[in-house]
Amino acid sequence: MSIEETNPSADTGAPIIEIVGLNKWFGPFHVLRDINLSVAPRERIVICGPSGSGKSTLIRCINRLEDHQEGQITVDGTALTHDLKNIDAIRREVGMVFQSFNLFPHLTVLENCTLAPIWVRKTPKAEAEAFAMELLERVKIPEQADKYPGQLSGGQQQRVAIARSLCMRPNIMLFDEPTSALDPEMIKEVLDVMVDLAESGMTMLVVTHEMGFASQVADRVMFMDEGQIVEQNTPDEFFNNPQSDRSKLFLSQILSSH
Amino acid sequence: MTDQAFHRQQAELLPQQPAPATTVGIVGWARTNLFSSWSNSVVTLIAIYILWLVISSFVQWAFIDADVSGTDRFACTSDGACWAWIDQRIQQFLYGFYPAGETWRINIAFVLLFPALAPWMFENVPGARYLRWFSIAYPVIATILLAGGLGLTVVTTDKFGGFMLNLTVGLAGIVLSLPFGIILALGRQSRLPVIRILSIVFIESVRGVPLITLLFVSNIILPIFLPPDVALDSVVRVIVMVTAFASAYMAEVIRGGLQAIPNGQYEAAQAMGLSYWKSMRLIILPQALKISIPGVVNTFIGLFKDTTLVIIIGLFDILGIANAMVSNPDWLGLSSETYVVVALFFFIVCFSMSRYSVHLERKLDTTKR
């Protein structure tokens, strides 16, 4: 079963994620303001912006780690409502990689990868393990399969986390600042895996400040500030010719720190 | 450091070298821990002297000067301990008033306890899969062995006593209070207000009352509310109350463990599509229980020692029988010897639990291996 076969909307031109009029509040704080976003299958979007701009919250709404108060989110034809059946269906299709890895420390690397396929997708154990080993090869750490997460470096843990998400054969991958918690010398090994994934045709939404990654693989860069999408464009246009003052300021701060 | 040394580049990395001999082994340990300084050495020597005084006089009393045979108090003529009563009274200490001809049933139930516990406590137990089925059947088997039925003479629970009563109540309480504690801890964190409030009310009201009070309630007040023909067995009542009491404490210990699990673990489980119960069972509880092991075992040990409170409602556990014996004219004045033996029984069980918890913590430690 390849990724394309499981993806009914692939190559039909219909958006795989459709967000219309999304509003969200944390208490009185208006964190997402009237977000409209349409993601095409296989599209790779990098979301950047200052901290507190709502970029993490936005992608966490897509798999319902946060619920929203207004607006519609449709993922791969399924509307995200309070209906648990729909939420579960969407979570099976959407993989997520976190800033702090969130591997399960009491399980080995291989068990981390096979847990959801076995318990959620009801994949036979042997099949799940074979597929997990395939993906661990792909992220270049098959030799760590029997170790525990606590024995791995940060970069290795994040690559395991990516493999773990891919084990569910998702159509969409969300990345929430995947390299922000890593030591500088480990960032590249994780980005390499993400570039490889992007080149394989995965739909990806990546919250990151790695502008090199953005210009290398992104189809679109989105700049968010104060809960709104301020500007979106191709990476070339965005980096060389930012339109708004806020994105100019943001870019100058990001680039001066590198 | 000269400039030259500072700028020198190392041609190759230094090889690993063994630690200095004076810092390893028993000698090294004693040097760093017992005799590291002049004052430390003095404290060490004083401590060794006090230990010697206490241990030598106890050994003198308990073994060297002791009398071990005889039929009553006056057979003991030396200054030391009088162990002569053990031979005559051990039966009561262990089995209470259980009919003498039937005590083999208790022994069998006790021996069967080990294969019932083994598959849950240790890895690589041969035939663990079948033993687990046996463990599940064990409570029924043990109940029939102890209380009778299926061709065995019925022994009513008012004949239960001695250490066998402590073990019965203690084990039943331990086995039942863990699952109830988990359910209460999860209930207290539930998003459903009814479940949360019920859990909080149960935990706080049971925890806010002494166990003795609960035992009185079960003995005196419960029968008033129950229909007259429903007579709850007194041992069953004690097990229910001890379990309720320990569950409330257990729930709070486990809640502490649950709160130590980072939010990211819940989110990762959710993001992969695991349901609430699956994520609890597979992700959250294994980690929360591991953190809670010291507190859980602490509660188990407390529960086991609390089984001595059954004397309040007229059951004679090992301590009750010891109390009765101390005032028996034949063996008057042997309270030290009697209570030393009682203490030894409790110590063996409680210390085993403590050692097992240390073993379990080491086994489950996934950070270094």
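Proteins get letters first, then strands, A, B, ... in listed order; numbering begins at 1 in each.
Within a 6.0 Å sphere centred on CD1 of B:I26, heavy atoms belonging to other residues, nucleotides or ligands number 12 at most. Other residues, nucleotides and ligands place more than 12 heavy atoms under 6.0 Å from the CZ atom of B:R207.
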Check: Run the side-chain contact (heavy atoms from CB on, under 4.5 Å) check on A:I87 and B:Q270 step by step: do they pass?
Finding: CA-CA 10 Å; A:I87 296 175; B:Q270 279 179 1; over 6 Å; no
Check: After noting the C-alpha distance and the side-chain angles of A:L107 and B:L282, does the key distance pass the side-chain contact (heavy atoms from CB on, under 4.5 Å) rule?
Finding: CA-CA 10 Å; A:L107 300 175; B:L282 300 167; over 6 Å; no
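Proximity to chain B (any heavy atom under 4.5 Å) is restricted, for A:V94, to the backbone atoms N, CA, C and O. Contacts between A:L103 and chain B at a heavy-atom distance below 4.5 Å involve the backbone alone (N, CA, C, O).
Among the residues in residues 56-65 of chain A, those with a non-hydrogen atom closer than 4.5 angstrom to a non-hydrogen atom of chain B are A:R60, A:N63, A:L65.
Note that CE of B:M272 is 8.0 Å distant from OG of A:S165, once rounded to the nearest 0.5 Å. Atom CG of B:L274 and atom CZ of A:R91 lie 10.0 Å apart (nearest 0.5 Å).
Side-chain atoms of A:N102 never come within 3.5 Å of backbone atoms of B:Q265 as a donor-acceptor pair (strictly under, hydrogens ignored).
The nearest pair of heavy atoms linking B:A271 to A:F98 is CB-CZ, 4.1 Å. For B:A269 against A:F104, the heavy-atom pair with the smallest separation is N-CZ, 4.1 Å. Contact between A:W119 and B:R281 at its shortest, heavy atoms only, is CH2-NH2, 2.9 Å.
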